[in-house]
Number of protein chains: 2
Amino acid sequence: MTSEAPRRRLAPEVRRLQVLDAAVAVFSEEGFHGASMDAVAVRAGVSKPLVYVHGGSKDELFAACLHREADRLLRSVQSAAGAPDEEPPARLRRALRAFFHALTTRRQGWTVLWRQASTGPFAGEVDALRRRIVEQAADLMAGGLGVPRTRVLPYAHTLVGAAEGLAHWWLTDPEAAATTGPGDPADVLADMLVAVVGPGLATIAPSGAVSDER
Amino acid sequence: MTSEAPRRRLAPEVRRLQVLDAAVAVFSEEGFHGASMDAVAVRAGVSKPLVYVHGGSKDELFAACLHREADRLLRSVQSAAGAPDEEPPARLRRALRAFFHALTTRRQGWTVLWRQASTGPFAGEVDALRRRIVEQAADLMAGGLGVPRTRVLPYAHTLVGAAEGLAHWWLTDPEAAATTGPGDPADVLADMLVAVVGPGLATIAPSGAVSDER
DNA sequence: GGGTTACTTTACGCATCGGTAGATAAGGTG
DNA sequence: CACCTTATCTACCGATGCGTAAAGTAACCC
């Protein structure tokens with residue numbers, strides 16, 4: 001059994017991180033409503049009042065989790081996309097790799113963002129985050145195709161949805177790991193997605209309607 | 001104030017439908033946890049005990065909503081796909097049309113299924129429903145490409161995710177209606193999706209190492 | 001050692017909400 | 001009209017969980 005925690009005094013910033021990490025873990029497992037502040041306290045190894053000292057109310061704590069994980073995900077994708085003067089297809093592929101890599105390495109954060117918060121008072125915030133990712137995808141696509149952003153917006157939503165669906169399969173289906181084989185799963189998943197949507201996206205004409213032959 | 005409802009006696013089946021409809025409406029707006037049984041009762045125009053008489057416990061009521069809406073959606077998509085001896089691409093397109101059509105005409109049901117139930121004790125059931133739709137898509141794709149189902153499963157998840165993303169955009173973005181223009185939105189959305197994923201899916205079969213297994 | 005303060009323990013207020021018991025009346029039947 | 005069945009309502013209980021108050025304890029710094 002683990003030894004009795006000898007009640008260490010820590011700097012407020014360190015404790016704050018502990019509480020936040022515990023909150024992300026508990027929220028990802030139990031969901032917002034299912035998670036109790038007591039559970040967060042136990043997970044963090046502290047008492048309940050401390051959670052309130054460092055994390056604020058339950059809503060504030062959850063919002064903090066949301067923002068931290070969202071910023072992390074967005075930043076990694078953004079930096080992976082690289083400078084705007086590079087080749088758009090390569091940028092898109094790298095961004096997708098970063099996206100899938102973030103999911104596989106930080107599952108809890110993704111779970112909090114995508115599966116636990118779609119309802120309640122945080123639906124708006126989660127949607128805003130999703131929108132930021134979609135905007136990023138739309139920028140990449142618009143730059144690559146030479147098309148105004150309004151035109152590619154629905155396709156950007158489609159692309160992000162496709163990524164979510166593929167990610168969900170990879171994270172939940174036990175046979176998924178066997179299917180992707182060896183190597184970095186993020187690479188395999190990104191290649192899969194590019195194989196599906198790449199050819200179609202390339203056919204979206206700059207000037208006219210979508211090529212739509214049967 | 002509105003006229004006091006003079007406490008009409010109704011047949012149990014009629015009341016049961018009233019309660020179920022109210023439950024779908026409230027659950028779609030507030031989510032499972034956010035919805036209270038009192039709210040369902042008010043929406044149905046009855047008192048709370050009646051909700052328990054006709055709907056059972058909150059869990060049972062929610063499960064009933066889930067199953068009814070899921071069956072409706074699955075049945076409409078399945079019947080739209082048509083007989084297995086027809087052309088696979090046309091079947092896929094028709095199935096997608098039926099899918100989008102169901103969303104636009106029965107928004108509340110879709111909301112309950114897709115956005116409110118991803119957490120809590122119903123995550124398993126919602127995932128099972130999603131899986132049934134994915135399986136259906138996988139069957140269509142496997143039939144069209146002449147490939148074992150295990151190989152197309154990730155692509156089926158991708159396709160369904162893409163449809164969800166596009167649907168979410170259409171249902172939430174105020175500018176979406178203007179973008180799709182006149183005509184049945186379901187047709188436009190299905191065509192958009194086929195334009196994005198169609199070419200890519202067609203190239204799946206030859207690239208894989210499929211022929212290795214007997 | 002002494003002081004500061006991070007931290008714990010314990011207990012409780014309070015609101016919300018699922019669920020139920022007993023009373024009430026609506027409608028059919030003789 | 002008397003009366004019985006039962007659909008329906010008003011009022012309530014109990015549990016859960018957020019959030020906090022009060023008082024004591026011990027770790028780090030000088």
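Everything quoted here is computed from the prediction, not taken from an experiment. Convention: sequence-line order gives letters A, B, ...; per-chain numbering from 1.
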How is P12(A) classified with respect to the nucleic acid when contacts are heavy atoms under 4.0 Å: base, sugar-phosphate, or nothing? nothing
Can you tell me how far C1' of dG19(C) sits from CG of L61(B), to the nearest Å? 13 Å
Rounded to the Å, how far apart are R16(B) CZ and dT6(D) P? 20 Å
Spacing between Q18(A) atom CD and dA6(C) atom P, to the nearest angstrom: 15 Å
So which nucleotide from dC18(D), dT20(C), dT8(D) ends up closest to the side chain of H54(B)? dT8(D)
Could you tell me whether D173(A) and R131(B) have a side-chain N and a carboxylate O separated by less than 4.0 Å? yes
Over all strands shown, is V46(A) touching base, sugar-phosphate only, or nothing at heavy-atom distances under 4.0 angstrom? sugar-phosphate
Check whether any side-chain nitrogen or oxygen of R15(A) sits under 4.0 Å from OP1 or OP2 of dC7(C), and answer yes or no. yes
Base, sugar-phosphate, or nothing for A39(A), non-hydrogen atoms under 4.0 angstrom? nothing
Side chain of K48(A) - closest among dT10(D), dT9(C), dG19(D): dG19(D)
Side-chain N or O of R9(B) less than 4.0 angstrom from OP1 or OP2 on dT5(D)? no
Proximity to the side chain of L50(A) - top-ranked nucleotide from dT20(D), dG27(C), dT8(C): dT8(C)
Please classify the nucleic acid contact of S36(B) as base, sugar-phosphate, or nothing, using heavy-atom distances under 4.0 Å. sugar-phosphate
Quick note, Y52(B) side chain, CB onward, closest among dC18(D), dG19(C), dT10(C) is dG19(C)
Can you check the H33(A) NE2 to dC18(D) C1' distance for me, whole Å? 13 Å
Just the rounded figure in Å: distance from P of dA7(D) to CD of E13(B). 12 Å
Just by distance, with hydrogens left out, do R15(A) and Q18(A) show a side-chain donor and acceptor under 3.5 Å apart? yes
With nearest nucleotides of DNA chain D determined for M37(A) and L10(B) from heavy-atom distances, which residue corresponds to the more 5′ nucleotide? L10(B)
Nearest-angstrom distance from the residue atom CG of D38(B) to P of dT20(C): 14 Å
Could you check whether E125(B) and H67(B), counting side-chain N and O atoms only, form a donor-acceptor pair closer than 3.5 Å? yes
The complete set of salt bridge (charged side-chain N to carboxylate O under 4.0 Å, His left out) pairs with one or both residues in residues 37-46 of chain B, sequence neighbours excluded, reads E29(B)-R43(B), D38(B)-K48(B)
Taking the six-membered ring of F32(A) (Phe, Tyr or Trp), confirm whether the NZ or CZ of K58(A) is under 6.0 Å from its centre and within 45° of its axis. yes
Given atom CG of D59(B) and atom P of dG19(C), what is their separation to the nearest angstrom? 7 Å
